[in-house]
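Here is the structure we will look at, set down as structure tokens.
All values below come from the heavy atoms of this structure, side chains included, with hydrogens, waters and symmetry mates left out.
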Amino acid sequence: MFFLFKYTNKKIYWVIRSIRERILFEINKVFFKKKENVNDFKFILKVFFEFIKVSLKSILISLFFFFGLGYIESIANINANPYLISPDSPYRDLLTAIVSVTGVYIGLYFTSISIFASVKVPPQISSLFRDKVGNLYITFLCILLAHTLLMLGTLSFGGNPGMLNSVLNLVFAFIAIFVFISLGWRTINLLNPSILGETIRFEIDKTLNRVKVKGFKWQDKNFQNHYRKIVDDKIDKMKCLTQICMSERHFKDKTLSDLTIQILAIYKSYIKNYKYKIPPNSFWFIRKRKHRKWFLGDISREEIALNTKTALMPDEIPNRFWLEDELIDIIEKVLVKSLDSNDFENALTIVQLTSYLLEDIGLNWEIEQGISIIKRMYRPVLALTLKSQEDDKEYINNVLALNDLIAFGIADLFIGFIKSFDVFNYKNLRQQISKVNWRDECAVYESKFHPAFLDMLIEVQKKCNFEIEIEGKKITTDWYIIQLLSQKFISLTVKNLETILRFFSDTFIYDVNELIRKKKYLTATLFLLRAQELSSKLVNNFNHSIKKYISEFPKVDEIDYKEKDMSKILKGIGSFNDGVIENLAKCILFLQPNTDEEFPDFYGQSFNLICFEVYEAIRSNHTEKFNKLFIPLLSSAFKLYYGLLDDLKPSNIRALDKVLLASEPFMDLFELSGYAILYGELYDDSSIWKSCKGCWDKYLDLVEDKNKVTQFLITLYKLRKTSIRIYERDMLRFNWSRRFNAKLIEKKIISKERSRDPFDREEDVEHKSPLIRVWARKTFLPSLNSPIYVFMAGYLKDVAGIKTFNISGLDDFIQILDREKKKNA
């Protein structure tokens, strides 16, 4: 070819080359067209075979029914009806009508799908239009159509399709008609997010069945990762659906609530039925990085890092709560959107349903995860609470309802934790350990062990299998495995209880302080009252349930749970209760008594709780606690008195009786002050009474007319003494008297045997306090003995500057007490 280069400067060279290229182009063009025709023919064949492949299932089913029923007729000697193929028979027209109607059904269905597909929808949910029920119905119609065509073809060639095929064809036609009616409504509602949410929920359940033990390739990390990606894609679709519901006004009510229910149902089903049947190190769980500490890490890794001047490589650990976090993230966004748009009905539904879920989380001992959910729900509610105005009744009712549901959710988490002890106890543990087949890889996952112990059981199983491989049998005894699980049980119980107490303190003490600082006293009081209920549940369940179940487990030397940890938790419960009641005392100073009967009486409940705690402080000689509670109680008594008078105004009760009923808070104060003196004398420690006297002095010094107030209090008591009525709260105060008398019996000042006779007076009482001797001798005669007498004789008499009260019983008590004092002198 190189010898032709010398002709490149000649015109003839380029003419010849142009002709040659043109000829080659035309030749290649012919071959290209032939090749294109061959490719087109191959494509047509490929499409044809694809059509055959897609329709093969329906064709085979149709052929199976047609020839199968014909074969049954021949075996059973069922004579074919000759009328079916006679010229006068309308059967051919009937089959033609069935074919036509079936085609119309198929056309209508795909038309409706095309209409909805033309609507602008996000690409994430476009695949949801492939409705499984609709696809199944289309397959059914295709089978009916093919079966009918086979019968028409048989008639066209002079054959007889037979009675069984004819009856089956009619039955299929009837089914197709009535299913079309139901499916028509389903197609119309195809864009309803709640219906599409059902499809997502079904797909997630189907995938989760493959992830758990004995699922398809459940041990293959590639399949595990693939299943996770499938579910992650479904969660993205669910997020998109909720976004549509929140943006479209007509979806904001029931549709959004239904979608929320389905999301929470996915969460509940996952933690109850699937999660603890998945290996902890499965690649179903997303990996997250955990960075090592230099002074707490592996020395070999640190040496390599120092030599290479690099950082310590983080560990890849499974995030076992990735699915739960994704689902709760959706719920949180829906809640925030509902609160921003003042859609309280939907917000209340979300918080209520979430609180139901928290009990199941507590059952699984996922306390930290439950706390995380509560915080995510509470943050937007707290923000709404802080900006709410308490003068808007309807608005504040909704805000209080949300806060109340949050508080109930916290209680549900704790209740779920307590309920778990009924299932996981020492007796059940021994039974389950004895039944485990350690050779079976799936035995641990399918057993009834508590999910919190799955990791440890898997490790035990690995070691047992290693022993079996080496020794030919399991060497480790069941009692040692029980010992390991007992140690795990005790340490986890203590850890969870400490976590719960810490969270209770953060929520009901520190967060409530923020509410008090922002002057949201009503909401703060609501939280504190719920906290009191929780405190009571904590004490009762701890003493009656948790201690009982822990004591059943064998003693673990490494964990001194009976003394150290349990006493620490009890101290924490006491500190929590004290913090709650102190905050409640702060609130009652600013809270106003409520006269609306449609609204809970938070003020009255708070007053009663503080009264109870003040008595406990007196009884336990807890001066600091008494100081924090008694001043708010004293200040609120007068406010409550006038509030009760307002409540009684509409009633038909006499004016005097109204005053006497409203004076109940003062009687509580009088008795508590009397017990402050009595317990001080009993313990020979007057610090409580000095604090009580200081509170009274401080309060009376602040009023405009001190003598007028004291005379008012004395007059109230005189009026009550003239009444023969027994008041409801007299029984409550009588319990205080019983407890004081029990303390006298405990101190052996009075005897238990003689105390059974209320008229058997003990004259030989030995105690250095004249007051205690007088009380002990008359202790079971309420008409002659009352802590109110003690308070009036020990304080009000001097403050009012009077010599006698002119009150029956009280003046007698003072005379007896004076005579007893002279004996000491």
Side-chain angles (χ1 to χ4, degrees), residues 246 252-254 256-257 260-261 264 328 331-358 370-413 503-504 506-534 580 583-606 609 643:
M246 290 187 291
K252 281 187 178 180
D253 48 6
K254 190 176 184 303
L256 188 56
S257 298
T260 304
I261 291 171
L264 292 173
I328 294 300
I331 299 297
E332 183 184 11
K333 289 179 180 177
V334 176
L335 177 61
V336 171
K337 186 70 175 180
S338 300
L339 294 176
D340 289 342
S341 58
N342 289 336
D343 184 5
F344 289 109
E345 184 177 355
N346 192 54
L348 288 166
T349 303
I350 292 170
V351 178
Q352 185 176 22
L353 293 172
T354 307
S355 89
Y356 294 154
L357 177 67
L358 287 166
I371 290 173
S372 173
I373 293 173
I374 293 169
K375 287 181 177 178
R376 295 180 72 173
M377 295 293 105
Y378 183 50
R379 277 196 299 264
V381 174
L382 180 61
L384 179 70
T385 303
L386 293 175
K387 70 177 183 180
S388 63
Q389 300 296 326
E390 295 191 354
D391 54 352
D392 186 345
K393 181 179 177 181
E394 183 179 357
Y395 189 82
I396 198 63
N397 280 348
N398 288 318
V399 172
L400 288 175
L402 285 168
N403 282 281
D404 207 15
L405 288 173
I406 293 288
F408 276 119
I410 298 172
D412 287 335
L413 179 67
F503 174 62
F504 284 178
D506 291 343
T507 305
F508 293 114
I509 296 178
Y510 299 111
D511 288 350
V512 167
N513 278 330
E514 177 67 14
L515 291 171
I516 294 172
R517 192 174 67 83
K518 296 289 186 178
K519 299 182 180 180
K520 305 298 178 182
Y521 304 114
L522 199 59
T523 310
T525 303
L526 170 68
F527 256 98
L528 292 167
L529 293 176
R530 293 290 176 243
Q532 275 287 290
E533 296 176 20
L534 274 175
V580 169
N583 274 338
L584 195 60
K586 294 177 186 176
C587 288
I588 203 171
L589 285 171
F590 304 98
L591 199 65
Q592 295 299 321
N594 175 47
T595 57
D596 189 355
E597 293 184 354
E598 295 181 359
F599 199 82
D601 184 13
F602 289 158
Y603 199 95
Q605 186 180 355
S606 302
L609 286 171

Rounded distance (nearest 0.5 Å) linking atom CG of Leu357 with atom CG of Asp412: 10.0 Å
Thr525 side chain near Leu522 side chain, heavy-atom distance below 4.5 Å: no
Contact check, side chains of Leu584 and Leu529, non-hydrogen atoms, under 4.5 Å: yes
Pair Arg379-Glu332, salt bridge (Lys or Arg N to Asp or Glu O under 4.0 Å): steps then yes or no: CA-CA 10 Å; Arg379 277 196 299 264; Glu332 183 184 11; 3.6 Å; yes
Any donor-acceptor N/O pair, Asn513 side chain to Ile509 backbone, under 3.5 Å: yes
Any donor-acceptor N/O pair, Ser355 side chain to Gln352 backbone, under 3.5 Å: yes
Ser338 backbone acceptor or donor facing Ser341 side chain under 3.5 Å: yes
Intermediate values then yes/no, side chain to side chain contact (heavy atoms under 4.5 Å, CB included), Asn346 and Val334: CA-CA 9 Å; Asn346 192 54; Val334 176; 3.9 Å; yes
Atom of Gln592, atom of Tyr603 and distance for their closest heavy-atom approach: C-CD1, 3.9 Å
Audit row: Asp506, Asp511, side chain to side chain contact (heavy atoms under 4.5 Å, CB included) steps and yes/no: CA-CA 6 Å; Asp506 291 343; Asp511 288 350; 5.6 Å; no
Validation row: Leu400, Thr385 side chains within 4.5 angstrom (heavy atoms): no
Evaluation steps, ring pair (Phe, Tyr, Trp, His ring centres under 6.0 Å), between Tyr521 and Phe602: CA-CA 11 Å; Tyr521 304 114; Phe602 289 158; over 10 Å; no
Thr349 side chain near Thr260 side chain, heavy-atom distance below 4.5 Å: no
Gap between atom NZ of Lys519 and atom CG of Leu386 - 0.5 Å precision: 14.0 Å
Heavy-atom side-chain contact between Leu402 and Leu339 under 4.5 Å: yes
Glu533, CD: over 12 other non-hydrogen atoms inside 6.0 angstrom: yes
Contact summary for Ala524 and Ile516, nearest pair of heavy atoms: CB-CG1, 4.0 Å
Heavy-atom side-chain proximity of Leu382 to Leu515 below 4.5 angstrom: yes
Interatomic spacing from CE in Met377 to CD1 in Ile350 - rounded to 0.5 Å: 8.0 Å
Side-chain heavy-atom pair Thr507, Phe527 within 4.5 angstrom cut-off: yes
Pairwise distance CD1(Ile374) to CG(Leu413) - rounded to 0.5 angstrom: 5.0 Å
Asn583 CG to Tyr510 OH distance, which is reported to the nearest 0.5 Å: 10.0 Å
is_close_aromatic(Phe408, Tyr356), centroid dist under 6.0 Å: no
Distance, nearest 0.5 Å, that separates CD1 of Ile328 from CD1 of Ile373: 4.0 Å
